[in-house]
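Here the structure is laid out as C-alpha cells; the discussion comes afterwards.
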Amino acid sequence: MGSEAAAAARAVVVAVNGERYEAVGVDPSTTLLEFLRTRTPVRGPKLGCGEGGCGACVVVVSKYDAVADEVTEFSASSCLTLLGSLHHCAVTTSEGIGNSRDGFHAVQRRLSGFHASQCGFCTPGMCMSIYSALAKADKASGRPAPPTGFSKITAAEAEKAVSGNLCRCTGYRPIVDACKSFAADVDLEDLGLNAFWKKGVDDEHADINKLPAYSGGAAVCTFPEFLKSEIRSSMGQANGDTSAVVVTGDGWFHPKSVEEFHRLFDSNLFDERSVKIVASNTGSGVYKDQDLHEKYINISQIPELSAINRSSKGVEIGAVVSISQAIDILSDGGAVFRKIADHLSKVASPFVRNTATIGGNIIMAQRLSFSSDIATVLLAAGSTVTIQVAAKRMCITLEEFLKQPPCDSRTLLVSISIPDWGSDDGITFRTFRAAPRPLGNAVSYVNSAFLARSSVDGSSGSHLIEDVCLAFGPFGAKHAIRAREVEKFLKGKLVSAPVILEAVRLLKGVVSPAEGTTHPEYRVSLAVSYLFKFLSSLTNGLDEPENANVPNGSFTNGTANGIVDSSPEKHSNVDSSYLPIKSRQEMVFSDEYRPIGKPIEKTGAELQASGEAVYVDDISAPKDCLYGAFIYSTHPHAHIKGVNFRSSLASQKVITVITLKDIPTNGKNIGSCSPMLGDEALFVDPVSEFAGQNIGVVIAETQKYAYMAAKQSVIEYSTENLQPPILTVEDAVQHNSYFQVPPFLAPTPIGEFNQAMSEADHKIIDGEVKLESQYYFYMETQTALAIPDEDNCITLYVSAQLPEITQNTVARCLGIPYHNVRIITRRVGGGFGGKVATACAVAAFKLRRPVRMYLDRKTDMIMAGGRHPMKVKYSVGFKSDGKITGLHVDLRINCGISPDCSPALPVAIVGALKKYNWGALSFDIKLCKTNVSSKSAMRAPGDAQGSFIAEAIVEHIASTLSVDTNAIRRKNLHDFESLKVFYGNSAGDPSTYSLVTIFDKLASSPEYQQRAAVVEHFNAGSRWKKRGISCVPITYDVRLRPSPGKVSIMNDGSIAVEVGGVEIGQGLWTKVKQMTAFALGQLCDDGGEGLLDKVRVIQADTLSMIQGGFTGGSTTSETSCEAVRKSCAALVERLKPIKEKAGTLPWKSLIAQASMASVKLTEHAYWTPDPTFTSYLNYGAAISEVEVDVLTGETTILRSDLVYDCGQSLNPAVDLGQVEGAFVQGIGFFTNEEYTTNSDGLVINDGTWTYKIPTVDTIPKQFNVELINSARDHKRVLSSKASGEPPLLLASSVHCAMREAIRAARKEFAGAGGSSLTFQMDVPATMPIVKELCGLDVVERYLESFAAKA
C-alpha cells in the first residue's frame, strides 16, 4: 500500500488569477491563504481572524467537471481552506477580477464611488463576496435577463451578499448601497451619496449609465483553459491505474472509496495521532489545531460521500455535500424541506457554507459537543444517519448517533437521510434560533425545531396533537436532545393555555444547562419561549406571538412624514429583522474653497478594493526573515518559574525564545509608553502581573510555525509569597490600589453640590450603572516588521497610530539614540501597535536578522486591553418640573496594570457628562490599578461612557417623575451662559452653539411626535414585541495639537506631501490632498482642482517627519491640513513672482521655470494652535427607534436619524462615512459586544466565534444622516469640525430606545405601578440582559393569567 501510494504522489497544481503554480516543498498543513501570501504575488486576501468569521480572506474557488464540461465557482474562506485539498482548482482573488494595470472591476469601482472603503483592510474580501453573489445570480437559470448594466441579483440578495463580512469602519450602509446598485429591482434614486451623480440636484438624476459598466460574470475567466487540459489529461492517466490511492504534495491522501479510506487506516503509512481527516477543514475555525499534522486524508473525493439521492421516502445527502448544496437541494422540496433550507441559510456565512459539509457539522456535534443548528433541525425532522466502522455499515437515527460515545477517526459518516413529510396538512414544522446576528455568522444561544402531526378540533378550533417531536439545541447540553417527557405529555392533548403551561413546566425540568454555561436562565427561558410560540400557533384564542395583528410602526421607506398605514391585514407576520435597509443623507456642499468641500472619493479606495494597497504584512519578507509569536501568562499574579515545550511537531520548529534577558544591557524593559503618564513592561519581570502578559516571543521560520509552537509552551507558575490578584474595582478600593491623575489633567467641579441638593424637591441617592469593556477589533491585528541595519540602527514597518511614540519606546528599550530607530507607517487597518513593534525590535536586534510578527486574533484580543470598564454611582437632586439642581458622581475606572492613557480619562468623561446643565457638579474619580491588561484609548475614550452616564441619570429622573425623558433632556440643555460656565473657552462664540437647535429639530418636530404616537399605538396592540423611541443629544470637546506638514513640488509638477498623521481609514490623505490643491490653487486658473491628481501623500516616517505626535482625538486630519496649508502658503509666496511675471502659465511650465530659477520647491511647516483657541465643542443628536422581541431579547433597530454639526466640512463624503461608522461602532459597544474574562481576568471572548461586532444585519433598517454646516468660525480650519469620534456617542440613543421598549414590556406584564418601570440597564445591553429585564418568566405569567381568566 505504501509503495503504491508513493508511486502516485504528485505536486499540488493550482491556478491563481490565471497563472499556474506547483506547490513544491509546501508544508502539508499550509492553508490557501498562507500559500497565496507567501508563494504568489497576491496580497488581496488578508488574515483577519483565521476562523472564517470575518471575510477578509475571501476568494473565489473554481472547480472543473471534465465529464460534464462545467465550471462551478463559489466564494470560500482561504484562511480555513487547505491547499492540499485544491489540486487542479483555480483561485481568483480581488487582484484577479480587476487591478490598476488591467482596469478595475465594476465591483471595485462602485465600492470606491459609493465611499464604501475606509481603512480598506476588509475591502478585497468584500469585493469577492459581492463578485461571487453576482456570479451566482447571473448563472441562475429561470431568471429573466436583467437590463443592461444590472445583474440578475435582487436587492434582497444583494443586502445579504456581505452578511458574513466584517467591517469596523464604514457602518456597512455604503457597502450595501454599492451591492444594491447591481440589482435591477432597486430604485437607483434610493441609493446613498456617491461619486457618480449628485443627490438632490434637479438636473442630476440617477442613471445606470453613470455607474461603472457591469457586463456579468463572463468578463472574468475564473478557470483557465490550460488547467482544463491538465485535468482531462490526468483523467486518462488515472483510468489506466486504479490501484493506488492518490497522493498529492508531501502528505495528502485522496481515497476514492470508503474501502480505500479504511485500507489507509490499516496501512503503516502513519499513526492515527499525526493524521487529520478533512473534507473542507472549516471545523478548524472552531476547534483550532493545537499541533501540526504530517498527514491528511481528504475524504471529499469519495463519490459515495457526495452523492444525493431523492426518492418518495425522502432525500439522502452525502456527508461531504456542502451546506450550500444542501440548501439548494432542500429548497426544491416540500414545506418541511424548505423550512430546513431556510434555517440552514442562517448557519455560518455564505463563504463558509459553500465549503463546510453537512456531515462535518454533525460529526462535530457528536464528537466535540459543537453547538449545531443543523443537528437540532434534522433531529426534529426524524433524520437517520448511515455510518461505517471498518467493514460494518449501519443506519441509525440521528438521535441514537448523537447519544453514542464520541466516535473515533475510523468512524465514517456516510450520509444523512431526511424523510419526506409530503404535503400533509396535518404536519406543522417550525424552527427557531436566537443569536446575536439574525442572518447567521453567530452561534445560537438556543435553537429548536418542532414537528407535530395534528388535527383541528371542530368545536374549539384548536389542534389535537397526535404525534410530536420537540428538539432543542445548544442550551448547555452535550448535543441536541428531544424533550421526550414533554412529547409524551402532549400526545393526545387538545392544545390550550393550561396544556401549554404544563408543557412549559415540564420542559424546564428537561432543558438544564450544564454548570459553567453562560446565561443559563436565559437559555431556559428561550426554550420555553420557542415551545410557547410553536404551541400557541396550534390553539385558537391565545395571542399568537408570530401573528399578532399590529401596525408596522414608524418604519418608512425614506419618507419624511413618518405616517404609516396601520391596517392589520397589511402588517401581520412582519419580521422586522428582514426589513430592507434604506437610508437618506442630507448635507450642504460648498464651492467656496474648492476642491475643499467636495465629496471626492477616498484616496486609494480602488487600490484597497483590488488588494493592491500595501499594509505592513503585505511587504515582501526580506532575506532570512524570521517570525515571532507571543507566549503569554494565563495567571494574573504569579512567579514565572520556567517555560518549556511539549514534545510535538510544532515545538520542533522553535529556533529560540526571546525574553527579558535579551533586552540589551543599556536598554529598559519597556513595551509601550504614554508620554508623561507612564510605561508598561514588555516582558514579565519576573512576576506575571496580569493574565495575558508577555512572557516571551517564540521565533520560528514561518508565522504559522511560530503560532503553533507558542501553543506548545508549558509555563510553570508559583504564587508563593504573593498577594492575591486585584481584579475588580471593588478589590482596588479595598486595597487602595490607584493611579493618580496629574493636576493638569484633573477635571474641575462646578458649583456647590451640598447647597444644590438642599434646593432640590426630589433626590436620587446612590443610583448605579456599569459599563463593561470593548475590544478594538481593528481588522488588521497588531503587526510589525523589524529590519536591523548598520551601526546599531533598525527600521520598523509598523501598523500603529503613534509612530513617534513607538520610535521613542523602541529606542529606550534597546538603549540606543532615537535617531537609530526609523518607524515607517503607510496605512493602518488597525492601530495600537506599540507592544508588537518593541518585541519585534528586540528579537531582530538580538538575532541580527529581520523579524516579523503578526498577532493571531486570539492573542491580540487577550493582550490588547480595550476600552475602560467602570462602575458609576450617582446622587442627583432635581425640582418637580425636572430642572436638575446638582449631581455628584462616584466613578471607579478599571485601568489595568499600567497607567497608559487612563489619567486622561476623567476629563473626557466629565467633559461629555457636562452636556447637560447639572446646576452643581462634583465627582470622586478613582483610577483603579488592577491585575488585568492595561486599558487604552478606544474611539471616543471616556466621552462614550460620560455621555451615556448622563443619559442614564436623566432617564432615572424622568422615570422617578413619570414624565417623558425628552422633557427632562430639553429642560436641562445649556443656554450659552451656562455652557461657558461648564466648558470655559471651549464654548467659543454664541453663534457656534447649535445643540439646542439640533435637538429641537429632532425631538420637538411634528414628525417625532407622530412617530412616538405610532410607537405607543404599536405597543398597545402588540404583547410580544415592543418598540421604543428616544432622542439623545451629545457635546464633545476636542483638543487641537501641534502638527507638522511638508510639501515638495517635483520638477514635473507632481507634488509629494508628508504629514505627522497616519491614514487609518479616516480620510486623512484625502483631506490633505484637497487642502494641498486648494492652497496651491491660487497659482492655477482652475482654482487647484487640476492639482488633485498631481498630489501624493506619502507614508509617515519618523526620521523624515519629526514631532509627528499621534493620530487620535479626531483632530489629526484638520491639524495636518493646517500644517500643509502653512507649507503651501510659503511655496505660493515664492512662486507668485514667476506667475505674475509670466501671466497665464500652465502648472507644469510654472514649476519648470521655478526650478530653472533655483526657487526652493519644498517647505516644512509646524503648525501650533492659537493659545487662545486650543479646543472647541462638537454637537449632534440622534433619534433611534427599536423593536424588542419580549420572548427572545432580540433587538431590531428600525430607524436612526442622526444630525451632526460638521462645521464647514472639508469633505462631506469622508465625514459622512466617519459619522455612520462611529455610530455603528457605538451600537456594538452599547448593545452587543461582550469582552468578557474568566475568574483570573483572562479574556475568554477571544475570537469571532464569541465576540460579535455589528454586521450588515444589525445596523438600522432606516439609516438617515444629516450633516449641518454651523456658523463659521475663522479660528477653526476653514470653519471645519471633527467627525471621527463624536458621532459614536449618538449610539447611546439605541440603548435609550431599548430601555423605552423594555419599560413598555414591563408595564405590560407587571402593571404600571410600583418600581418596576425604574430599573438599571448596564452596557452592553445584550440579548440575555434585555430578555432578563423584560422578564424571564413572561410566558408563564401570561399563561397563568390567561388560565385564571378562563
Side-chain angles (χ1 to χ4, degrees), residues 118-119 168-171 771 774-778 801-802 828 830-832 866-868 901 904-905 907-915 935-950 983 986 995 1032-1041 1043 1061-1068 1071 1109-1120 1175-1182 1202-1207 1209-1211 1214-1230 1233 1253-1254 1265 1267 1276-1277 1280-1293 1323:
Q118 289 187 24
C119 88
R168 197 51 149 167
C169 298
T170 65
L771 299 95
Q774 181 185 24
Y775 170 59
Y776 312 107
F777 216 105
Y778 26 60
Q801 293 176 229
L802 27 99
V828 174
F832 312 97
R867 197 183 290 278
H868 290 75
C901 70
L905 224 64
V907 71
I909 294 171
V910 172
L913 187 71
K914 291 190 298 187
K915 64 182 178 180
K935 306 310 167 189
S936 191
M938 182 176 176
R939 202 172 195 171
D943 298 86
Q945 294 97 324
S947 189
F948 171 79
I949 293 166
Y983 286 102
S986 295
L995 182 58
V1032 168
I1034 65 160
T1035 300
Y1036 196 105
D1037 195 355
V1038 300
R1039 307 273 164 182
L1040 299 171
R1041 302 186 309 274
S1043 185
V1062 174
E1063 175 59 61
I1064 58 175
Q1066 82 281 44
L1068 167 66
K1071 289 182 176 180
F1110 64 91
T1111 300
S1114 297
T1115 58
T1116 309
S1117 292
E1118 59 196 272
T1119 57
S1120 295
S1175 62
Y1176 63 83
L1177 299 179
N1178 293 263
Y1179 307 108
L1202 283 55
V1203 177
Y1204 184 69
D1205 181 355
C1206 238
S1209 174
L1210 298 178
N1211 183 318
V1214 166
D1215 288 335
L1216 173 67
Q1218 291 296 287
V1219 170
E1220 292 178 331
F1223 183 79
V1224 171
Q1225 193 171 117
I1227 290 173
F1229 172 53
F1230 289 114
E1233 297 179 33
I1253 71 170
V1265 178
L1267 302 182
R1276 301 197 304 266
V1277 180
S1280 66
K1281 279 191 169 187
S1283 63
E1285 294 175 286
L1288 185 143
L1289 280 57
L1290 295 171
S1292 64
S1293 62
V1323 171

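Note that the structure is a prediction, hence the values are computed from the model and not measured.
In plain terms, the two heavy atoms of Pro1286 and Ser1114 that are nearest each other are CD-OG, 3.6 Å. Pairing each heavy atom of Lys915 with each of Ile1034, the nearest pair is CD-CA, 4.1 Å. Considering every non-hydrogen atom in both His868 and Cys901, the closest pair reads CE1-SG, 4.2 Å. Contact detail for Ser1280 and Glu1118: the closest heavy-atom pair is OG-CB, 4.3 Å. Closest of all the heavy-atom pairs between Val1214 and Lys1071 is CG1-CE, 3.8 Å. In this structure, Lys1281 and Asn1178 approach most closely via the heavy-atom pair CB-OD1, 3.6 Å.
Remark: side-chain polar atoms of Tyr1204 are not paired, donor with acceptor, to backbone N or O of Ala1182 under 3.5 angstrom. The backbone N or O of Gly1217 sits nowhere less than 3.5 Å from a side-chain atom of Glu1220 that would complete a donor-acceptor pair. Here the side chain of Arg1041 pairs a donor or acceptor atom with the backbone of Gly1112 at under 3.5 angstrom. Remark: the backbone N or O of Leu1289 is paired with a side-chain donor or acceptor of Ser1292 at under 3.5 angstrom. Arg939 places a side-chain N or O within donor-acceptor distance of the main-chain N or O of Gly1284, the cut-off being under 3.5 Å. In terms of modelled atom types and a separation under 3.5 Å, the side chain of Thr1115 and the main chain of Arg1039 share a donor-acceptor contact.
Side-chain contact check for Arg168 versus Tyr776: every heavy-atom pair is 4.5 Å or farther apart. In this structure, the side chains of Glu1285 and Tyr1036 come closer than 4.5 Å at one or more pairs of heavy atoms. Residues Pro1254 and Phe1223 fail the side-chain proximity criterion, which asks for heavy atoms closer than 4.5 Å. Between Phe1110 and Thr1116, every side-chain heavy-atom pair lies at or beyond the 4.5 Å cut-off. A heavy-atom distance below 4.5 Å is found between the side chains of Gln1225 and Gln774. In this structure, the side chains of Lys935 and Leu905 stay at 4.5 Å or more apart for every pair of heavy atoms. Proximity of Val907 to Asp1037: side-chain heavy atoms (C-beta onward) are nowhere separated by under 4.5 Å. Taking 4.5 Å as the limit, some side-chain heavy atom of Val1323 sits within range of a side-chain heavy atom of Phe1229.
We find the CD1-CG distance between Ile909 and Asp943 to be 8.5 Å, quoted to the nearest 0.5 Å. The CD atom of Gln118 lies 5.0 Å from the SG atom of Cys169; values are rounded to the nearest 0.5 Å. In this structure, the separation between OG on Ser947 and CG on Leu1290 is 8.0 Å, given to the nearest 0.5 Å. For the atom pair Tyr778 OH and Met938 CE, the distance stands at 9.5 Å (nearest 0.5 Å). Note that CG of Asn1211 and CG of Leu1068 are 12.0 Å apart. Values are rounded to the nearest 0.5 Å. From Ser1117, atom OG reaches atom CG of Leu1210 across 8.0 Å, with rounding to the nearest 0.5 Å.
In summary, the side chains of Lys914 and Thr1035 do not present any donor paired with an acceptor at a separation below 3.5 Å, with no hydrogens or angles considered.
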Next on the checklist: Between Tyr775 and Ile1253, does the side chain to side chain contact (heavy atoms under 4.5 Å, CB included) criterion hold? Intermediate values first, please.
Outcome noted: CA-CA 9 Å; Tyr775 170 59; Ile1253 71 170; over 6 Å; no
